[in-house]
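All remarks here apply to the structure that follows.
Only a predicted model underlies this, so the values are computations on that prediction, with no experimental measurement involved.
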Amino acid sequence: MWTRTPTLNKSSLSRLKQQRKLYQRYLPALEMKQRMLLMLRKRARTSLGEIERRMADLLEEVGVELSMLADEGPLPEVPLEVSEIRVVEENLVGVVLPRLEGIEIERQAYGLLSEAHWMTQLIERSEAMLRLRIERQVVSRRLALLEEASRTVTQRVNLFSKVMIPTVDKQIARIDLYLADQERAAVVRSKLAKQKHAPAGPASGGSAE
């Protein structure tokens with residue numbers, strides 16, 4: 001952390017210049033990470049929007065294909081069971097993110113002859129919707145993590161670019177000005193000291209006759 005009120009000497013000046021070098025070397029890496037996170041966040045938002053669009057389209061299809069269900073009263077229980085959800089973790093730009101690898105859904109047995117003719121179609125559409133909901137849940141979590149990481153790295157970029165580096169620059173300029181003033185003052189004192197100790201010239205006057 002930088003010193004807010006540095007000592008006005010060459011030692012402090014050297015230390016502050018070293019700090020500035022470190023900050024200026026670290027800032028580009030932070031800015032690169034910020035750009036990567038923003039790109040990943042944009043991709044996650046696009047993926048989430050695509051999933052929600054597919055869900056809306058599927059609901060619209062169900063409304064057209066199985067419109068008779070609106071008059072059938074309560075929907076029958078769909079015999080589906082999620083047997084496995086495979087989610088792996090991947091480290092991107094220092095952030096651990098979930099990624100959906102697969103979903104296993106089992107269709108439970110049901111009496112085909114005793115059910116309405118549209119039961120198979122309903123099960124297919126219900127399974128597709130279930131998969132989309134699980135996918136949306138994983139992508140939403142991924143997006144939340146990326147948004148949190150983006151906020152954190154943006155705060156750090158702003159801290160370095162808008163606070164730490166400008167503060168060190170001001171401190172360096174202050175010490176440079178002070179040392180320059182001290183150097184000028186020392187030159188003036190040296191000149192005055194030389195003039196004070198300089199030998200006096202011979203006194204002028206008329207000779208007696």
(message) Go through it in stages, so that I can follow the logic: the residues are Leu58 and Arg125, the test is side chain to side chain contact (heavy atoms under 4.5 Å, CB included), and I'd like the CA-CA distance, side-chain angles, deciding distance and then a yes or no.
(response) CA-CA 7 Å; Leu58 184 57; Arg125 294 294 183 265; 3.4 Å; yes

Presence of salt bridge, [Y] and [X], under 4.0 angstrom:
X	Y	value
Arg131	Glu127	yes
Glu148	Arg151	no
Glu147	Arg45	yes
Glu84	Arg86	yes

For the [atom1] atom on [X], are there more than 12 heavy atoms of other groups (residues, nucleotides or ligands in this structure) within a distance under 6.0 Å?
X	atom1	result
Met32	CE	no
Gln137	CD	no
Glu101	CD	yes
Arg156	CZ	no

(message) I'd like to know if the side chain of Ser47 and the backbone of Arg43 have a donor-acceptor N/O pair within less than 3.5 Å.
(response)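 Answer holds: yes.
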
Using 0.5 Å steps for rounding, measure from the [atom1] atom of [X] to the [atom2] atom of [Y].
X	Y	atom1	atom2	answer
Gln18	Arg20	CD	CZ	10.5 Å
Ile165	Phe160	CD1	CZ	7.5 Å
Glu52	Ser140	CD	OG	6.5 Å
Ile105	Ile85	CD1	CD1	8.0 Å
Arg53	Leu132	CZ	CG	10.5 Å
Ser83	Arg107	OG	CZ	12.5 Å

Say whether [X] and [Y] are linked into one hydrophobic cluster, either directly or through other cluster members, by side-chain heavy-atom distances under 4.5 angstrom.
X	Y	value
Val168	Val157	yes
Leu130	Leu100	yes
Val82	Val139	no
Val153	Val95	yes
Tyr23	Val163	yes

(request) With salt bridge (Lys or Arg N to Asp or Glu O under 4.0 Å) as the test, would you mind laying out the steps for Arg99 and Glu89 before giving the verdict? (result) CA-CA 6 Å; Arg99 177 168 57 83; Glu89 292 183 339; over 6 Å; no

So do [Y] and [X] actually touch side chain to side chain, heavy atoms under 4.5 Å?
X	Y	answer
Met129	Leu59	yes
Leu122	Ser126	yes
Leu92	Leu146	no
Leu48	Arg136	yes
Leu179	Glu183	no
Arg41	Leu37	no
Ile175	Asn9	no

(request) Just jot down the ring-ring contact (aromatic ring centres under 6.0 Å, His included) partners of Tyr178, sequence neighbours excluded, or say none. (result)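 Tyr178: no ring-ring contact (aromatic ring centres under 6.0 Å, His included) contacts found.
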
(message) Let's go through Thr154 and Asn158 carefully: what are the C-alpha distance in whole Å and the side-chain angles of both, what is the deciding distance for side chain to side chain contact (heavy atoms under 4.5 Å, CB included) to 0.1 Å, and is it a yes or a no?
(response) CA-CA 6 Å; Thr154 297; Asn158 291 337; 3.7 Å; yes

(request) Apply side chain to side chain contact (heavy atoms under 4.5 Å, CB included) to the pair Gln155 and Leu159, showing each step before the final yes or no. (result) CA-CA 6 Å; Gln155 290 172 352; Leu159 177 63; over 6 Å; no

(request) Decide yes or no on side chain to side chain contact (heavy atoms under 4.5 Å, CB included) for Glu90 and Arg142, but give the supporting numbers first. (result) CA-CA 10 Å; Glu90 56 183 0; Arg142 185 182 181 93; 2.7 Å; yes

(message) Going by side chain to side chain contact (heavy atoms under 4.5 Å, CB included), name the residues that satisfy it together with Arg141, two or more places apart in sequence or in a different chain.
(response)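 Arg141: side chain to side chain contact (heavy atoms under 4.5 Å, CB included) contacts with Pro98, Leu145.
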
